[in-house]
Asks: 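The structure that follows is given in the form of structure tokens.
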Amino acid sequence: MTDEKIPYRFERTASTAAVRAAHPDLAPGAETGDIVSVAGRLMLRREAGRITFGELRDSDGRIQLFAGATWTDDYERFKDLDLGDWIGATGEVVATRTGELSVEVRHWQLLAKARRSFGDKWRGISDVDLRYRQRYADLWANEASRDVLLLRSRMISLTRRCLERRGFVEVETPLLHTLPGGALARPFATHHNALDMDLYLRIAIELHLKRLVVGGIEKVFEIGRVFRNEGLSPRHNPEFTMLEAYQAYADYTDMMELVEQLVAHLATELCGTTKLTYAGRELDLAPPWTRATMFELVARHAGVAVDLTTPVEELRRLVADHAIPVDESWGPGKLILELYEKTTEPELWGPVFVLDYPKEVSPLARDHRTVPGLVERFEAIVAGRELANAFSELNDPDEQRRTFEAQARAKAAGDEEAMAVDEDYLRALEYGLPPTGGIGIGMDRLAMLLSGVETIRDVILFPTLRPER
RNA sequence: GCGCCUCUAGCUCAACGGCAGAGCAACGGACUCUUAAUCCGCAGGUUCUGGGUUCGAAUCCCAGGGGGCGCACCA
């Protein structure tokens, strides 16, 4: 059905919120003489013979439309409007006898017809498949979905402002990489026809941003999509949004301060407090967050004191005791990490900074300044989840080449997530990377935390799904 | 990839081996102050798909598909 009467534009003079703000306390039956034009979607309609009430919603809120046979143009057609139709309406701002602020509709225009029904006007849409596939219907029908969208938008905006205030410069670096690097993950592969070469969707932003620090951009960040070819879960989507920030002359302790300040700031701005409840448990994001080394935490939660001098056979036995299949190639660092992930990480609620990871599992982090075999790295655990990962960045090109080569050997031995040697990145390091602290924050998980939802699909507008049918 | 759960009208849900139903939306009608308006009427179905068991299947069984959760992988 095409309607030749649908206009190309509509001269709106006020949003519903503006009308409300201009007339805060009208007495029942009041007439204001204020003529406004409002526009939006018809949410509800109550017909009572020769008068009809409608509820119009725009992006600011809602307002009642008051139409009547004696004063509304084309009243019979107004009565026939369907819920979901977009209309523009012009008339005087009044209060009805019961005191409801209304626009007394004199003229109105259909702006778009809703040919499909949006579902139950009271219960909305709860079928999760329908909500994710037809997000447009979900957003119309479910206020909670709109709230999450708006919170996420404000969160990203506040994050940018917070970093800019600290002097960080926002950049955009390639999503198409010739070598996937900067994280341990399987990439999506694609192909460039003109150059006849394989390309990979980036799995991290890291290596490009550190190149920029080499180039003299002392504080740099990017908020962007990264892609990992992995399974889906309530906490994983194949494409997700990462914040990465790098700061010259800083180390991982500076990054801890940055994370806790940023997250506490966002909570205060978006939730009004740092004391949140998530998944029924309390969480206080006020700095400073607890700091504890991985080995301390393993000792506490696994009940066994281990470190890199613990005999490998003993570590293997401990790991095997927790029903983890042991790979022959694992050294003590990887074994302790496995033990930590199985026994300790699930017990952590946070916020807590888990400090000082084995070098074996951290090829881009700099050696710990006092403990051999460890690197200066932390993960921030918040609400039982890994929210951030950060290091004092490895800036010695020779040492970086050695860790890359160890990764390349693991890759050759069949580890699909291991890194390759990135010669251009090594060349950049040879120009000199100053001492640098770097941080990566999963913004989707942060949005989940701040909006209180428990599945990542609720904070991603169009999550990855199988095709229909 | 494996395990468990789930799929009924546009939406939200009943019926759980015995005639497929309700509310909302839609459609027709009544009503000049409603607030999820109300009231009267009417219509709406490949019960996800395909097999099977049975006198009889939405219901039980098998296979496939979509979705959810868990495991594994990861942030």
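Chain letters run A, B, ... following the sequence lines, proteins first, then strands; residues in each count from 1. All values derive from a computational prediction rather than experimental measurement.
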Asks: Could you work out, with side chain to side chain contact (heavy atoms under 4.5 Å, CB included) as the rule, every residue matching A/Lys79, not counting sequence neighbours?
Replies: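 Side chain to side chain contact (heavy atoms under 4.5 Å, CB included) check on A/Lys79 returns A/Glu47, A/Thr52, A/Tyr75, A/Glu76.
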Asks: Mind listing the side-chain donor-acceptor pairs of residues 450-457 of chain A below 3.5 Å, one per line with the distance, residues two or more places apart or on another chain?
Replies:
unit_1, atom_1, unit_2, atom_2, d
A/Ser451, OG, A/Ala447, O, 2.6
A/Thr455, OG1, A/Arg457, N, 3.3

Asks: Between B/rC19 and B/rU12, how far is it from one P atom to the other, in whole Å?
Replies: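 That atom pair is separated by 26 Å.
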Asks: What is the separation between atom CG on A/Asp138 and atom C1' on B/rG10, rounded to the nearest whole Å?
Replies: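 Rounding to the nearest Å, CG of A/Asp138 and C1' of B/rG10 are 16 Å apart.
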Asks: In whole Å, what separates the P atom of B/rA72 from that of B/rA36?
Replies: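 Each nucleotide's P atom is 48 Å from the other's.
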Asks: Between B/rG44 and B/rA20, how far is it from one C1' atom to the other, in whole Å?
Replies: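 These two C1' atoms come out 13 Å apart once rounded.
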Asks: Could you state the atom-to-atom distance from CG of A/Asp458 to P of B/rG68 in whole Å?
Replies: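 Answer to the nearest Å: 11 Å.
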Asks: Salt bridge or not between A/Arg62 and A/Glu55? Use side-chain N to carboxylate O under 4.0 Å.
Replies: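 Looking at A/Arg62 and A/Glu55, the cut-off is met.
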Asks: Partners of A/Arg20 by salt bridge (Lys or Arg N to Asp or Glu O under 4.0 Å), sequence neighbours excluded?
Replies: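 With sequence neighbours excluded, A/Arg20 shows a salt bridge (Lys or Arg N to Asp or Glu O under 4.0 Å) to no residue whatsoever.
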Asks: Nearest of B/rG67, B/rC73, B/rU12 to any side-chain atom of A/Ser126?
Replies: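 Selected nucleotide (nearest to the side chain): B/rU12.
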Asks: How long is the line joining CZ of A/Phe240 and C1' of B/rA75, in whole Å?
Replies: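 Rounded to whole Å, this separation is 5 Å.
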Asks: Give me the distance, rounded to whole Å, that separates B/rG21 from B/rU59 when you measure between the C1' atoms they each carry.
Replies: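 After rounding to an integer number of Å, I get 15 Å for this pair.
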Asks: Given side chains that start at C-beta, do those of A/Met419 and A/Ile203 come closer than 4.5 Å, heavy atoms only?
Replies: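 A side-chain contact under 4.5 Å is absent here.
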Asks: To the nearest Å, give me how far apart CD (A/Glu341) and P (B/rC71) are.
Replies: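 So the CD-P distance, A/Glu341 to B/rC71, works out to 14 Å.
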Asks: Kindly state each residue pair satisfying salt bridge (charged side-chain N to carboxylate O under 4.0 Å, His left out) with at least one member in residues 134-150 of chain A, sequence neighbours excluded.
Replies: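 Only A/Arg131-A/Asp138, A/Arg135-A/Asp138 qualify under salt bridge (charged side-chain N to carboxylate O under 4.0 Å, His left out).
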Asks: Looking at every strand, decide which applies to A/Asp82 at a 4.0 Å heavy-atom threshold: base, sugar-phosphate, or nothing.
Replies: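 Counting heavy atoms under 4.0 Å across all strands, the contact made by A/Asp82 is with sugar-phosphate only.
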Asks: Show me the dot-bracket string of RNA chain B, counting Watson-Crick or G-U pairs under 3.5 Å, with | for pairs to another strand and [ ] for crossing ones.
Replies: (((((((..((((....[..))))..((((.......))))......(((((..]....))))))))))))....
Asks: Distance check: side-chain N/O of A/Arg457 vs OP1/OP2 of B/rG68, anything under 4.0 Å?
Replies: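 Answer yes for this pair, as a side-chain N or O of A/Arg457 is under 4.0 Å from OP1 or OP2.
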Asks: Salt bridge or not between A/Arg45 and A/Asp85? Use side-chain N to carboxylate O under 4.0 Å.
Replies: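 A salt bridge is absent here (no side-chain N lies under 4.0 Å from a carboxylate O).
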Asks: With sugar-phosphate meaning primed atoms plus P, OP1 and OP2, does A/Asn142 contact a base, only sugar-phosphate, or nothing at under 4.0 Å between heavy atoms?
Replies: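 No contact.
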Asks: Hey, could you give me each pair passing side chain to side chain donor-acceptor pair (under 3.5 Å) that has a residue in residues 339-353 of chain A? Not counting sequence neighbours.
Replies: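 Qualifying pairs: none.
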Asks: Give me the distance, rounded to whole Å, that separates B/rC7 from B/rA14 when you measure between the P atoms they each carry.
Replies: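 9 Å, rounded to whole Å.
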Asks: Whole angstrom is fine here: how far is it from CD in A/Glu338 over to P in B/rA72?
Replies: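 Spelled out: CD on A/Glu338 to P on B/rA72 is 10 Å.
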Asks: Going by ring pair (Phe, Tyr, Trp, His ring centres under 6.0 Å), A/Trp71 matches just one of A/Phe66, A/Phe78, A/Trp108. Which one?
Replies: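 Testing each of A/Phe66, A/Phe78, A/Trp108 against A/Trp71, the sole residue satisfying ring pair (Phe, Tyr, Trp, His ring centres under 6.0 Å) is A/Phe66.
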Asks: Between A/Glu230 and A/Leu465, who's closer to the 5' end of RNA chain B by nearest nucleotide?
Replies: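 Result: A/Leu465.
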Asks: On a whole-Å scale, what distance lies between the P atoms belonging to B/rG45 and B/rC5?
Replies: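 One P to the other, the span is 32 Å.
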Asks: Could you tell me how far B/rC69 sits from B/rG50 if I compare only their C1' atoms? Round to whole Å.
Replies: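 Those two atoms are separated by 27 Å.
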Asks: If we take the P atom in both B/rG68 and B/rA63, what is their distance in whole Å?
Replies: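 Per the computed distance, 22 Å lies between those P atoms.
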Asks: Assign a letter to each nucleotide of nucleotides 31-38 of chain B from its 5' end: B, base within under 4.0 Å of a protein heavy atom; S, sugar-phosphate only; -, no contact.
Replies: BBBBBBB-
Asks: Can you tell me how far C1' of B/rA72 sits from CD of A/Glu417, to the nearest Å?
Replies: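 It is 11 Å, rounded to the nearest whole Å.
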Asks: Rounded to whole Å, please give me the gap between CD in A/Glu76 and P in B/rG29.
Replies: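 So the CD-P distance, A/Glu76 to B/rG29, works out to 9 Å.
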Asks: Between B/rA75, B/rA72, B/rA25, which nucleotide gets closest to the side-chain atoms of A/Leu83?
Replies: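 Nearest to the side chain of A/Leu83 among the choices is B/rA25.
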Asks: Does the side chain of A/Arg133 get closer than 4.0 angstrom to OP1 or OP2 of B/rG66 through an N or O atom?
Replies: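 Checking B/rG66 against A/Arg133, no side-chain N or O comes under 4.0 Å of OP1 or OP2.
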Asks: For nucleotides 1-9 of chain B, read 5' to 3', which letter fits each nucleotide if B means a protein heavy atom sits under 4.0 Å from the base, S means only the sugar-phosphate is that close, and - means neither?
Replies: ---------
Asks: Under 4.0 Å, counting only non-hydrogen atoms across every strand here, what does A/Pro234 touch: a base, just sugar-phosphate, or nothing?
Replies: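 The residue A/Pro234 makes sugar-phosphate contact but no base contact.
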Asks: Once salt bridge (Lys or Arg N to Asp or Glu O under 4.0 Å) is applied, do any residues pair with A/Glu104, and if so which ones, sequence neighbours excluded?
Replies: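 Salt bridge (Lys or Arg N to Asp or Glu O under 4.0 Å) list for A/Glu104, sorted by chain: A/Arg106.
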Asks: Starting from C1' on B/rG70, measure out to CZ on A/Arg235 and report it in whole angstrom.
Replies: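 Taking CZ of A/Arg235 and C1' of B/rG70, I get 10 Å after rounding.
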Asks: What pairs with A/Arg57 under salt bridge (Lys or Arg N to Asp or Glu O under 4.0 Å), at least two apart in sequence or on another chain?
Replies: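 Per chain and number, A/Arg57 pairs via salt bridge (Lys or Arg N to Asp or Glu O under 4.0 Å) with no residue.
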Asks: Using a cut-off of 4.0 Å on non-hydrogen atoms, how would the nucleic acid contact of A/Leu130 be classed: base, sugar-phosphate, or nothing?
Replies: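 Here A/Leu130 touches the backbone only, sparing every base.
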Asks: When all nucleic acid strands are considered with a 4.0 Å heavy-atom cut-off, which category describes A/Gly440: base, sugar-phosphate, or nothing?
Replies: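 No contact at all - A/Gly440 keeps every heavy atom at 4.0 Å or more from the nucleic acid.
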Asks: Can you tell me which residue pairs pass the side chain to side chain donor-acceptor pair (under 3.5 Å) test with a partner in residues 255-265 of chain A, sequence neighbours excluded?
Replies: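 Every pair satisfying side chain to side chain donor-acceptor pair (under 3.5 Å) with a residue in residues 255-265 of chain A: A/Arg166-A/Glu257, A/Glu260-A/Arg291.
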Asks: Is there a side-chain contact between A/Arg385 and the phosphate of B/rA75, meaning an N or O under 4.0 Å from OP1 or OP2?
Replies: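 For B/rA75, neither OP1 nor OP2 has a side-chain N or O of A/Arg385 closer than 4.0 Å.
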Asks: Not counting sequence neighbours, which residues clear side chain to side chain contact (heavy atoms under 4.5 Å, CB included) with A/Ala292? List them please.
Replies: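 For A/Ala292, the residues satisfying side chain to side chain contact (heavy atoms under 4.5 Å, CB included) (neighbours in sequence not counted) are A/Glu296, A/Leu297.
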Asks: Can you find a pair of side-chain heavy atoms, one from A/Glu239 and one from A/Phe188, that are under 4.5 Å apart?
Replies: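 A/Glu239 vs A/Phe188: side chains apart.
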Asks: So which one's nearest nucleotide on RNA chain B is more toward 5', A/Ser117 or A/Tyr132?
Replies: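 Looking at RNA chain B, the more 5' nearest nucleotide goes with A/Ser117.
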